[in-house]
Amino acid sequence: MISHYRNTISAVYLLVCIFITSSSASSILRQFTDDFNTNLQQENGAGPNPNVGEADHLHQHQEISSRDHKVSVSSTVNGLRDRPPCSYSLKMESFNKLLNSPYTERYQSRPFTVGGYNWTLMVYPNGNKKDSGSGYLSLYVAIDNSTLVAGQQEVYADLRFYVFNNNERKYFTIQDTNVWRFNVFKTMWGFSQVLPVATFKDPKNGYLYDGDHCEFGVDVTIPTTYQVSELFSIADNFYNLKFTWTIRGFSTLFKDTYYSDLFSIGGRTWTIQVNPSGRGTGAGKALSMYLNLDVNEKLRPYEKIYVRGKLRVLNQRGLNNIERQLDIWYQGPGYGEYSWGYHEFISFSDLRDSAKGFVVNDVLMVQAELEDISSTKYLPN
């Protein structure tokens, strides 16, 4: 009898232990499953995250915080602007009723089209609380994801939001210097703290006027990647920087203008021009000298060549040369200036004084030294 009683007690105890263990395991399993599902939802973006902004699926009306970056003070630009919005304007009357409505979280405009996509303007009168906007006017733009051609398609857009100020007769604008990236997972972007509600609704500030009228707007701009470009560079490592022209029988030169042979430096062809009797302000009193870009050089109408170098009259007695600096821009012949130099390079008195060493045995030596020459590549050619 005692043995049977003990066996009964043992069996009951064993059943109780199994029941408790089973209940605990079930509870643990449910807890693990709930945590796993919660984490999975959060990893997929299906849950609010007040630290990172907001996106909105228009058809599901499911607000998801999925901002790639928080709008920082350094990247936000605001100010007053005369011109009205280009993409969409939303004028509202009786706005105070929305401000005082406990059930109206936001106002959503009708769709408007920019760049082949449908957009809507979102106004949160008392701020988007899910995006740290409580106590502020919040403005957003949402894209209709049904206008995205493929699930992986992304649309980059620049956004500028407008709030009309009747006192200034101008628009308060706010925008981010960063481009906004829209896709099926990130469909709404904007600013949660545009203006404090207290500032906005005070008629003295001019945002609410004529009772409680107001106006909002947005510019949606879809920038495209450039298709046309140019690369400007300056070369300064030439095989030969200098060209020297020896002019014999200098005293017998009676024509107005003389040109050296063609020479090449920096991938371009040049000539030195001298006017023995002078020209411009140097006429009758000084030798004029110039560096010319060859007339057969092919440049585009808008192309320019930067040149830094020197023109010299060489001293043949080892004394100081006469040297003038060149720091100029050339354009193609027929399109602008392609000859640069000095009307009064060296005076006749210095040239005729044989002791100074510039003309020796009726020989004059001039030189061009080009240190920097630019080039520009255009794409497409």
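None of these values were measured; they are calculated from a predicted model. Residue numbers start at 1 and run along the sequence shown.
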side-chain contact (heavy atoms from CB on, under 4.5 Å) with F250: of D362, N361, V363, V274, only one passes, and it is D362
Sequence neighbours excluded, the answer for salt bridge (Lys or Arg N to Asp or Glu O under 4.0 Å) partners of D202 is none
Judged by modelled atom types alone, do D212 and S94 share a side-chain donor-acceptor pair under 3.5 Å? no
Under the ring pair (Phe, Tyr, Trp, His ring centres under 6.0 Å) test, residues paired with Y136 that sit two or more places apart: none
When you measure from the side chain of D158 to the backbone N and O of T221, does any donor-acceptor pair fall under 3.5 Å? no
Cation-pi between R279 and Y290: NZ/CZ under 6.0 Å from ring centre and within 45° of the ring axis? yes
Quick one: closest heavy-atom pair of V220 and S87, and the distance? N-OG, 2.8 Å
Rounded distance (nearest 0.5 Å) linking atom OH of Y124 with atom NZ of K129: 10.5 Å
How long is the span from the CG atom in L159 to the OG1 atom in T173, to the nearest 0.5 Å? 12.5 Å
Using ring centroids (six-membered ring only for Trp), state whether W189 and F161 fall under 6.0 Å. no
Does one side chain, of E344 or T281, offer a donor that lies under 3.5 Å from an acceptor on the other? yes
Between Y258 and W245, is the ring centre distance below 6.0 Å? no
Side-chain donor-acceptor pair under 3.5 Å between E154 and Y156, yes or no? yes
Could you walk me through whether T120 and S109 satisfy the side-chain hydrogen bond (donor to acceptor under 3.5 Å, both in side chains) test, starting with their C-alpha distance in whole Å, then the side-chain angles of each, then the deciding distance to 0.1 Å, before giving a yes or no? CA-CA 5 Å; T120 55; S109 75; 5.3 Å; no
Excluding sequence neighbours, so at least two apart, what forms salt bridge (Lys or Arg N to Asp or Glu O under 4.0 Å) with K310? E371
